[in-house]
Amino acid sequence: MKLASKLTLAVTCAILAVLATNSFIRVQRELALFDEDMRRDGRILGRAIAGDAERAWSRSGVIDAIDQVLGANEREAHVTIRWVWLDVPPGHPQAPMVPTVTELADDVPLVLEWTPPGEEDTLFSYFPIRGPDGRVAAVELRESRAAERRYIRRTVLQATLATSALVVLAGLVTLGLGMALVGRPVRQLVEHARKVGQGDLSARLALRQQDEIGTLAAEMNAMTERLGRARAELEAETQAKVSAVEQLRHADRLATIGRLSAGIAHEVGTPLNVITGYARLIVDDVPAASPAREHAEIIGQQAHRVAAIVRQLLDFARPRPPAKAHHELGAIVARTVGMLDSIARKRGVQLERPAAIGPAAPAPVEVEVDDGQLQQVITNLVVNAIHASAPGQTVEIGIERGVGAPPPGHGGAPGPRVCVCVRDHGTGMDPEVQARIFDPFFTTKDVGEGTGLGLSVAHGIVREHGGWIEVSSAPGQGSTFRVCLPVAEEGADA
Ligand SMILES: Nc1ncnc2c1ncn2[C@@H]1O[C@H](COP(=O)(O)OP(=O)(O)OP(=O)(O)O)[C@@H](O)[C@H]1O
Ligand SMILES: [Mg+2]
């Protein structure tokens, strides 16, 4: 049974008990008063008639006295008044109706209830009349109690109706109040607790009650708030830990691959120089028409390619510290884009420099960077974007400024930053590829097209500058790479 119903039942029972007792006592009292009134009226009337009759008897005889009584009987409609002799045998027409009344004490009226055979209970009153000859008669008053019983029935009915109406009213009011003040808020509390239990910590209770339930709701809201904060902190900590572990793993891998690459580059470098040298000798010595000369030229070209890769490997293995100087970021971007324009056009892709990709319009942005290294980073991003684009598509390169927090695990406080943004509308990447793009030698390109070192080198360079690379991409929807560098407060405001 619900709380509001229990309250209603308890309050209704209590009110019913109080009202029923009160009504019972009131009805009893009214009945006693009614009875008392009836007896008193009878006594007054009987005494008056008996007095008149006694005086008439001694003044002008018993006939006059009896006439007096008969006259009174005609006057009084509600009472039957008779002259009775106490010394006549029962059954005599002037004998008392109540068979037990045979004698009366001097001047003391006798009032008693008696039910004549086949009738309702009736109130009989006898008032003695003493004649001059010493004979005793009496005035008999006979009053039906039907009126009293009607009065009882009416009073009880009224009391029952009033009590029932009050009980129903009190029940309805208690039920309404119980539902509004207890039922509904408790239901909301239960619903809220269920949501919190299911992990929804954004739910809040809006109870404006200034009572215990209101206090409980406020406490539950505060508890949910604290739980939400604790969960967010825990998630952030976990995320930071995962990122830190990932960074460590990455750094570890880079170090191992770096050592390996340095060894290979060293070992491969010398034989390569020999191959290149001998190829040049053959080209110089052999006549121009000879196929051997053409073969030697191919050997030389391929050896140069291998040498370029070895150089890249060495770059990756032994990154040199950036030689930072003040540069205008827009100028570096413009220079790089200009250099790559012909490569893009060859593949039918257009390089665009919109006024702004991000929220803030670019103004000259002074940054402290190694311009050669930064150019290397942007070049790799733009070349990747060109490779991912289909002929006819565009690659946008812009500068964004804003305020933001570095990614988890990177460290550092949120602050102003400037990002070089490279956006293409090409193949995009699925989450698996995205998770590995900064791994050294990870490439999806054909053999000879990419070494898979571009992004890992870029990552290292940007980190050395205190920045980071952000990526957003979806298969078939293109990719956006942002090279973000922290800038000083004045620089951001400029
Ligand atoms: N804009 C892009 N769109 C789709 N995939 C990309 C994009 N940029 C990078 N990738 C993916 O990341 C991989 C790694 O890129 P990364 O620049 O490190 O190496 P690479 O371009 O394959 O070779 P390298 O740059 O050494 O010549 C690419 O092979 C490609 O799968
Ligand atoms: Mg690349």
Side-chain angles (χ1 to χ4, degrees), residues 228-251 254 319-336 353-382 396-423 434-435 437-438 455-473 479-494:
R229 271 204 304 273
R231 185 161 79 178
E233 276 166 22
L234 193 69
E235 274 171 6
E237 269 172 31
T238 313
Q239 182 62 37
K241 273 186 195 144
V242 169
S243 290
V245 169
E246 191 51 41
Q247 296 278 342
L248 277 176
R249 224 160 45 89
H250 194 245
L254 285 185
R320 58 183 174 81
K324 291 186 191 172
H326 275 295
H327 292 282
E328 204 280 300
L329 190 58
I332 300 177
V333 172
R335 205 161 55 234
T336 318
R353 285 213 57 207
I357 287 183
V365 187
E366 287 296 325
V367 282
E368 177 106 347
V369 292
D370 181 324
D371 62 336
Q373 287 191 351
L374 192 59
Q375 203 166 326
Q376 188 185 342
V377 171
I378 301 169
T379 302
N380 181 56
L381 295 186
V382 176
E396 292 139 35
I397 304 109
I399 295 175
E400 276 179 18
R401 273 195 295 179
V403 177
H410 179 275
R417 64 190 202 176
V418 63
C419 304
V420 176
C421 179
V422 179
R423 176 181 295 161
Q434 249 187 84
I437 52 175
F438 293 108
L455 282 178
S456 44
V457 171
H459 177 81
I461 291 174
V462 176
R463 257 192 98 77
E464 282 294 310
H465 283 79
W468 64 92
I469 301 179
E470 293 176 0
V471 188
S472 65
S473 180
S479 315
T480 303
F481 281 76
R482 283 186 179 80
V483 175
C484 297
L485 299 168
V487 282
E489 208 68 60
E490 312 85 75
D493 295 343

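All values reported here derive from a predicted model rather than from experimental measurement.
In this structure, NE2 in H327 is found 8.5 Å from CD in E368, a value given to the nearest 0.5 Å. Rounded to the nearest 0.5 angstrom, S472 OG and R423 CZ are separated by 7.5 Å. Distance CZ/R335 to CG/L374: 9.5 Å, rounded to 0.5 Å. Separation of atoms CH2 (W468) and SG (C419) is listed at 6.5 Å; rounding is to 0.5 Å. Note: Q376 CD to D370 CG = 9.0 Å, rounded to the nearest 0.5 Å. Of the inter-residue distances, the one linking I397 atom CD1 with T336 atom OG1 reads 9.0 Å to the nearest 0.5 angstrom.
The closest side-chain heavy-atom distance from I399 to L329 is below 4.5 Å. The shortest distance between side-chain heavy atoms of C421 and T480 falls below 4.5 Å. Taking 4.5 Å as the limit, every side-chain heavy atom of V382 sits out of range of all side-chain heavy atoms of F481. Contact of the I332 side chain with the I378 side chain is registered, since non-hydrogen atoms from C-beta on lie closer than 4.5 Å.
Remark: side-chain polar atoms of Q434 are paired, donor with acceptor, to backbone N or O of S473 under 3.5 angstrom.
When the ring pair (Phe, Tyr, Trp, His ring centres under 6.0 Å) test is applied to H459, the partners found at least two apart in sequence or on another chain are H250, F438. By the side-chain contact (heavy atoms from CB on, under 4.5 Å) test, E237 pairs with no residue at all, sequence neighbours left out.
Salt-bridge annotation for E400 and R482: present, with a side-chain N of the basic residue lying under 4.0 Å from a carboxylate O of the acidic one.
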Next on the checklist: Using salt bridge (Lys or Arg N to Asp or Glu O under 4.0 Å), reason through E470 and R417 one step at a time and then give a plain yes or no.
Outcome noted: CA-CA 13 Å; E470 293 176 0; R417 64 190 202 176; 3.1 Å; yes
